[in-house]
Peer 1: 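Pasting in a structure now, in structure tokens, and then I'll have a few things to ask.
Excluded from the calculations below are hydrogen atoms, water molecules and symmetry mates; all remaining heavy atoms, backbone and side chain alike, are included. Order of the sequence lines sets the chain letters (A, B, ...), proteins ahead of strands, with each chain counted from 1. If you're wondering where the values come from, they're calculated on a predicted model, not measured in any experiment.
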2 protein chains.
Amino acid sequence: MSTREDKAHAMLAELKRSGLKLTPQRIAIVRELAGDETHPTAQDLFDRLRAAFPTMSFATVYNTLDALAAHSLVGSLRLRGARGAVRFDPNTSAHHHAVCDRCHAVVDLPAEPLDGATARRLGRQTGFLVSGEERTYRGLCARCADRSSA
Amino acid sequence: MSTREDKAHAMLAELKRSGLKLTPQRIAIVRELAGDETHPTAQDLFDRLRAAFPTMSFATVYNTLDALAAHSLVGSLRLRGARGAVRFDPNTSAHHHAVCDRCHAVVDLPAEPLDGATARRLGRQTGFLVSGEERTYRGLCARCADRSSA
DNA sequence: ATGAGTGCAAATGCTTTGCATCCTG
DNA sequence: CAGGATGCAAAGCATTTGCACTCAT
């Protein structure tokens with residue numbers, strides 16, 4: 001049923017398997033982030049968990065997010081324009097992003113992995129050993145587009 | 001001859017045309033940035049101009065970069081991983097970037113503008129009114145790739 | 001019990017702001 | 001000579017760090 005719970009469980013299992021401790025704070029952060037498609041900031045997560053963990057500190061949030069990132073269980077993205085906070089992404093499958101220029105909403109978009117021929121062509125053009133690709137489409141989300149034309 | 005000088009001149013002309021004042025600091029910043037393909041940070045530019053303008057402040061650098069950005073004469077990019085400074089880009093033609101995961105070098109890559117059919121398809125998938133695309137290829141630059149295999 | 005993890009607070013890095021002064025147009 | 005631009009310093013965010021204490025393993 002709950003894809004979100006499944007995802008949280010898988011993330012926690014992987015953390016445990018890597019020898020990291022499963023503290024109540026970590027479990028809560030992972031469960032909050034798993035299945036969250038809004039690409040929250042550390043501050044967002046901190047605010048949401050404040051009620052349940054009044055004494056939790058930013059250091060713990062960052063510590064957990066770093067640990068997740070180190071094990072490729074979350075991705076991160078930095079957006080232009082928006083205030084400068086990193087946004088975290090529990091979606092670990094190949095995907096791109098569409099970002100709203102007005103409200104800074106971010107949605108996922110499926111993507112094919114970078115193919116070898118393209119990587120080699122880029123390598124020829126740039127001298128780089130290209131290993132991955134990130135695309136950001138920008139524009140207006142449905143809600144903001146509506147507000148604009150109104 | 002000097003593409004760089006031409007570019008600086010064009011940028012300054014456009015600023016003037018927009019009613020902005022051409023101060024010695026602005027002229028120096030524009031000339032420093034024009035034709036610079038390294039995607040420097042505000043700090044980089046500040047450091048390079050320190051000798052010529054010992055009293056110049058960060059506020060002036062940011063002020064000028066903001067003015068240039070407001071008139072679409074420079075672009076900006078925020079990179080993951082790297083320390084969190086915005087990098088500025090005098091290249092205003094459609095292009096993408098390749099970023100070195102090790103040394104954070106950034107090189108430009110020509111790009112075709114986003115075609116209408118693709119934009120519409122993305123709109124169908126996301127609900128977005130898509131107006132642009134940014135691609136970041138990541139990997140290792142030639143120098144860092146060499147150092148790795150050594 | 002032991003060392004990884006936590007909380008707190010101070011520090012850091014990048015960027016912005018307020019305001020008095022200066023200088024371009 | 002008027003208002004935009006500059007310089008300086010302080011404030012503002014996002015994030016990191018140091019350290020004593022706690023708790024999951």
Peer 1: We want to know whether B/Thr64 and B/Asp66 form a side-chain donor-acceptor pair, criterion being a heavy-atom distance below 3.5 angstrom.
Peer 2: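 The answer is no; no qualifying pair exists.
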Peer 1: Rounded to the Å, how far apart are A/Leu68 CG and C/dG5 P?
Peer 2: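 That distance rounds to 12 Å.
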Peer 1: Under 3.5 Å, is there a donor on one side chain and an acceptor on the other for B/His39 and B/Asp44?
Peer 2: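 There is no such pair between these side chains.
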Peer 1: Between C1' on D/dA24 and CG on A/Leu12, what's the gap in Å once rounded to a whole number?
Peer 2: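 So the CG-C1' distance, A/Leu12 to D/dA24, works out to 14 Å.
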Peer 1: Kindly state which residues belonging to residues 38-48 of chain A come within less than 4.0 angstrom of DNA chain D, counting heavy atoms of the residue only, listed by number.
Peer 2: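 Residues of residues 38-48 of chain A under 4.0 Å from DNA chain D: none.
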Peer 1: Between B/Leu20 (CG) and D/dA2 (P), how many Å, whole number?
Peer 2: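 It is 21 Å, rounded to the nearest whole Å.
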Peer 1: Are A/Thr136 and A/His97 linked by a side-chain donor-acceptor pair shorter than 3.5 Å?
Peer 2: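 Result is no, nothing qualifies.
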Peer 1: Verify the contact: side-chain N or O of B/Thr23 to OP1 or OP2 of D/dA5, cut-off strictly under 4.0 Å; return yes or no.
Peer 2: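 The answer is no; no side-chain N or O of B/Thr23 sits under 4.0 Å from OP1 or OP2.
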Peer 1: Side chains of A/His96 and A/Asp108: is there a donor and an acceptor less than 3.5 Å apart?
Peer 2: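 Distance-only check fails for A/His96 and A/Asp108.
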Peer 1: Rounding to an integer number of Å, can you tell me how far A/Asn63 CG sits from D/dG18 C1'?
Peer 2: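 Distance check: A/Asn63 CG to D/dG18 C1' gives 14 Å.
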Peer 1: Closest-nucleotide mapping onto DNA chain C: is A/Thr55 or B/Pro24 further toward the 5' terminus? I mean the 5' end.
Peer 2: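 It is A/Thr55 whose nearest nucleotide is closer to the 5' end.
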Peer 1: Taking atom CZ as the centre, does B/Arg143 end up with more than 12 heavy-atom neighbours from other residues, nucleotides or ligands that are less than 6.0 angstrom away?
Peer 2: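 No, not enclosed.
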Peer 1: Closest approach to the side chain of A/Val86, judged atom by atom: which nucleotide of C/dT15, C/dT6, D/dT15 is it?
Peer 2: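 Of the candidates, D/dT15 comes closest.
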Peer 1: Of the candidate nucleotides D/dT15, D/dG7, D/dT17, which contains the atom at the shortest distance from the side chain of B/Ala59?
Peer 2: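 For the B/Ala59 side chain, the nearest candidate turns out to be D/dG7.
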Peer 1: Salt bridge check, B/Arg138 against A/Glu134: does any charged N sit closer than 4.0 Å to a carboxylate O?
Peer 2: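 Judged by the 4.0 Å cut-off on N to carboxylate O distance, A/Glu134 and B/Arg138 do form a salt bridge.
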Peer 1: Estimate the overall bend of the helix from C/dA1-D/dT25 to C/dG25-D/dC1 from the end axes over five pairs each, rounded to 10 degrees.
Peer 2: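 Computed from the C1' atoms at both ends, the axes differ by 40°.
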Peer 1: Would you kindly give the CG-to-P distance between A/Leu65 and D/dA14, to the nearest whole Å?
Peer 2: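 Nearest whole value for this atom pair: 15 Å.
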Peer 1: For A/Lys21 and for A/Phe58, find the nucleotide of DNA chain C with the closest heavy atom, then tell me which residue's nucleotide is more 5'.
Peer 2: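 In this pair, the answer is A/Lys21.
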Peer 1: Quick one: do B/Asp36 and B/Arg48 make a salt bridge, cutoff under 4.0 Å?
Peer 2: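 Yes, B/Asp36 and B/Arg48 are salt-bridged.
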Peer 1: Examine the side chains of A/Asp6 and A/Thr3 and answer whether a donor and an acceptor come within less than 3.5 Å of each other.
Peer 2: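 No, A/Thr3 and A/Asp6 have no side-chain donor paired with an acceptor closer than 3.5 Å.
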Peer 1: Write down the distance between NE2 (B/His104) and C1' (C/dC14), rounded to a whole number of angstrom.
Peer 2: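 One finds 16 Å between C1' of C/dC14 and NE2 of B/His104, rounded.
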Peer 1: Can you tell me if B/Thr60 touches the phosphate of D/dG7, counting only side-chain N or O atoms and a distance under 4.0 Å to OP1 or OP2?
Peer 2: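 Yes, within the criterion.
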Peer 1: Quick one: is B/Tyr62 getting a side-chain N or O under 4.0 Å of the C/dT15 phosphate, OP1 or OP2?
Peer 2: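 Yes, B/Tyr62 has a side-chain N/O under 4.0 Å of OP1/OP2 on C/dT15.
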Peer 1: Using a 4.0 Å heavy-atom cut-off, does A/Pro54 contact any base of the nucleic acid, only the sugar-phosphate backbone, or nothing at all?
Peer 2: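 Here A/Pro54 touches no strand at all.
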Peer 1: Please state how far atom CD1 in A/Ile29 lies from atom C1' in C/dT6, giving the value in whole angstrom units.
Peer 2: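 Rounded to whole Å, this separation is 11 Å.
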Peer 1: Quiz question: by atom type and distance under 3.5 Å, do the side chains of A/Asp115 and A/Thr118 form a donor-acceptor pair?
Peer 2: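 Yes, a side-chain donor-acceptor pair sits under 3.5 Å.
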Peer 1: Rounded to whole angstroms, how far apart are CD1 on A/Ile27 and P on D/dC23?
Peer 2: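 Whole-Å distance recorded here is 15 Å.
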Peer 1: Taking only Lys NZ, Arg NE, NH1 and NH2, and the carboxylate oxygens of Asp or Glu, determine whether A/Glu5 and A/Lys7 approach each other closer than 4.0 Å.
Peer 2: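 A salt bridge is absent here (no side-chain N lies under 4.0 Å from a carboxylate O).
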Peer 1: OP1 or OP2 of D/dG7 versus the side-chain N and O atoms of B/Gln25: is any pair under 4.0 Å?
Peer 2: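 Yes, because at least one side-chain N or O of B/Gln25 sits under 4.0 Å from OP1 or OP2 of D/dG7.
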